[in-house]
Amino acid sequence: MEFVRELNDFQIYGPNHTEYISNYRYKYALPFEKVEDPRGWTVNVFQRYWHHSITISVVYFIIIKAIQKAMENRKPFVLKTPLVLWNGALAIFSICGCVRFSEDIIRALYVDGLYKSLCYSCHPNDVAAFWSLLFAISKIVELGDTLFIVLRKKPLIFLHYYHHAAVLIYTVHSGAEHTAAGRAFISMNYLAHSCMYSYYAISAAGYRMPKWVSMAVTTIQTTQMLAGVAVSCLVYKIKTEDKLPCQQSMANLYLAFIIYITFAVLFIQFFLKSYIFGSSKKQKKQ
Ligand SMILES: CC(C)(COP(=O)(O)OP(=O)(O)OC[C@H]1O[C@@H](n2cnc3c(N)ncnc32)[C@H](O)[C@@H]1OP(=O)(O)O)[C@@H](O)C(=O)NCCC(=O)NCCSC(=O)CC(=O)O
């Protein structure tokens, strides 16, 4: 099993390429979303360089640990305004992504049904493809979250940096494979991040929100992880039991299982520790 495969037309365009091009292409796109991508230029770039997502993750980890060390005998930076702007910008980006990208999954589910929605990719010239590309780029930008944590000398938990590094690698691998089920994963993540970055922006501005708000955000994140496992189970069944053509490769599917199961476990642990078994900072903040 090759780890990143070469893609054929079915894997890039799905089965209705010609019909799609003539009927749907750019129909719903805003001017800046109309990006020409002759035979998957972006897919080629992702295919050729996807392994650098691992390089970036390793460099990220080393830099974060080095900054933590350098900060040991220094006072924490306050960074209130940059943090509000940072989280505010990511919140606006996620909300825009959520609105523009969800259109694709809603249309796909409504018009094509569940099987085609999970097994046939969006077209490389589609609005959804544009927002998938921005999504992948945002996974590099979001590594900056950790910079704020270490410069402000806030506790850095394993869930945080494991999540940031693993999501980057999986997103870039999925970009390289044009993973069809990514339309479910991306829409869920845009939604969860709309809530999460809005939460962080408001709390960075100094407003303490009631406990139920952070519980709700964690619940949305945990549900996202469990839904990721469910979608992957469904694709696995389609590919192995139903033996229907389905675009997602086994390598990408196994990666999806690994990250979504580990994220689900970590988020359930986080929920229990933060809100149920009382010793966390959240209870102290009340
Ligand atoms: C409710 C949560 C969103 C946040 O829980 P927290 O324990 O971090 O919440 P908190 O209010 O105590 O905030 C902790 C401190 O970090 C600051 N902070 C600000 N911006 C941040 C950012 N972008 N990332 C991480 N921390 C940030 C807060 O202002 C706060 O500082 P101060 O103490 O000064 O007020 C939770 O569900 C969660 O995700 N916790 C895991 C921690 C984490 O790093 N999550 C982000 C990556 S996971 C992710 O992104 C999942 C997904 O894909 O959906």
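Numbering of ligands and ligand atoms starts at 1, following listing order. Scope of the values below: all heavy atoms of this structure, side chains included, with no hydrogens, waters or symmetry mates.
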**Prompt:** By salt bridge (Lys or Arg N to Asp or Glu O under 4.0 Å), which residues pair with Lys69, not counting sequence neighbours?
**Reply:**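 For Lys69, the residues satisfying salt bridge (Lys or Arg N to Asp or Glu O under 4.0 Å) (neighbours in sequence not counted) are Glu72.
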Return a yes/no value for [X]: is any of its N or O atoms, backbone included, closer than 3.5 angstrom to an N or O of ligand 1?
{"X": "His160", "answer": "yes"}
{"X": "His164", "answer": "no"}
{"X": "Tyr199", "answer": "yes"}
{"X": "Ser214", "answer": "no"}

Compile the donor-acceptor pairs under 3.5 Å between side chains in residues 88-95 and protein atoms, sequence neighbours left out, one pair per line.
unit_1: Ser94; atom_1: OG; unit_2: Leu90; atom_2: O; d: 2.7

Measuring from non-hydrogen atoms of [X] to any atom of ligand 1, is the shortest distance under 4.0 Å?
{"X": "Phe263", "result": "no"}
{"X": "Glu142", "result": "no"}
{"X": "Tyr197", "result": "yes"}

**Message:** Is there a side-chain contact between Val172 and His52 in this structure, where contact means two heavy atoms from C-beta onward sitting under 4.5 Å apart?
**Reply:**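 When only atoms from C-beta onward are counted, His52 and Val172 do not touch, as no gap falls below 4.5 Å.
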**Request:** Counting heavy atoms only, name the option from Arg208, Lys154, Met209, Lys273 that's nearest to atom 35 (O) of ligand 1.
**Result:**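 That would be Arg208.
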**Request:** Return the option from Phe148, Tyr275, Phe185, Tyr200 holding the heavy atom at the smallest distance from atom 43 (C) of ligand 1.
**Result:**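 It is Tyr200 whose heavy atom sits nearest to atom 43 (C) of ligand 1.
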Which of the atoms of ligand 1 are close to [X], meaning less than 4.0 Å from one of its heavy atoms?
{"X": "Thr218", "answer": "1 (C), 36 (C), 37 (O)"}
{"X": "Ala192", "answer": "54 (O)"}
{"X": "Leu159", "answer": "41 (C)"}
{"X": "Phe267", "answer": "39 (O), 48 (S), 51 (C)"}
{"X": "Val217", "answer": "3 (C)"}
{"X": "Asn189", "answer": "52 (C), 53 (O), 54 (O)"}
{"X": "Asp145", "answer": "23 (N), 24 (N)"}

**Asked** Are Thr146 and Tyr60 close enough that a side-chain donor and a side-chain acceptor fall under 3.5 Å?
**Response**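 Yes, a side-chain donor-acceptor pair sits under 3.5 Å.
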**Item:** Region of Val167 engaging ligand 1 - heavy atom pairs below 4.0 Å
**Value:**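 Neither part.
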**Request:** Measure Leu90 to ligand 1 on non-hydrogen atoms and call it side chain, backbone, both or neither using the 4.0 Å cut-off.
**Result:**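 No part of Leu90 is near ligand 1 at this cut-off.
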**Asked** Is there a ring-ring contact (aromatic ring centres under 6.0 Å, His included) between Tyr161 and Phe158 once you walk through the steps?
**Response** CA-CA 6 Å; Tyr161 58 81; Phe158 173 75; 5.6 Å; yes
**Message:** Are more than 12 heavy atoms, taken from residues, nucleotides or ligands other than Phe148, located less than 6.0 Å from that residue's CZ atom?
**Reply:**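 For Phe148, atom CZ is crowded (more than 12 foreign heavy atoms under 6.0 Å).
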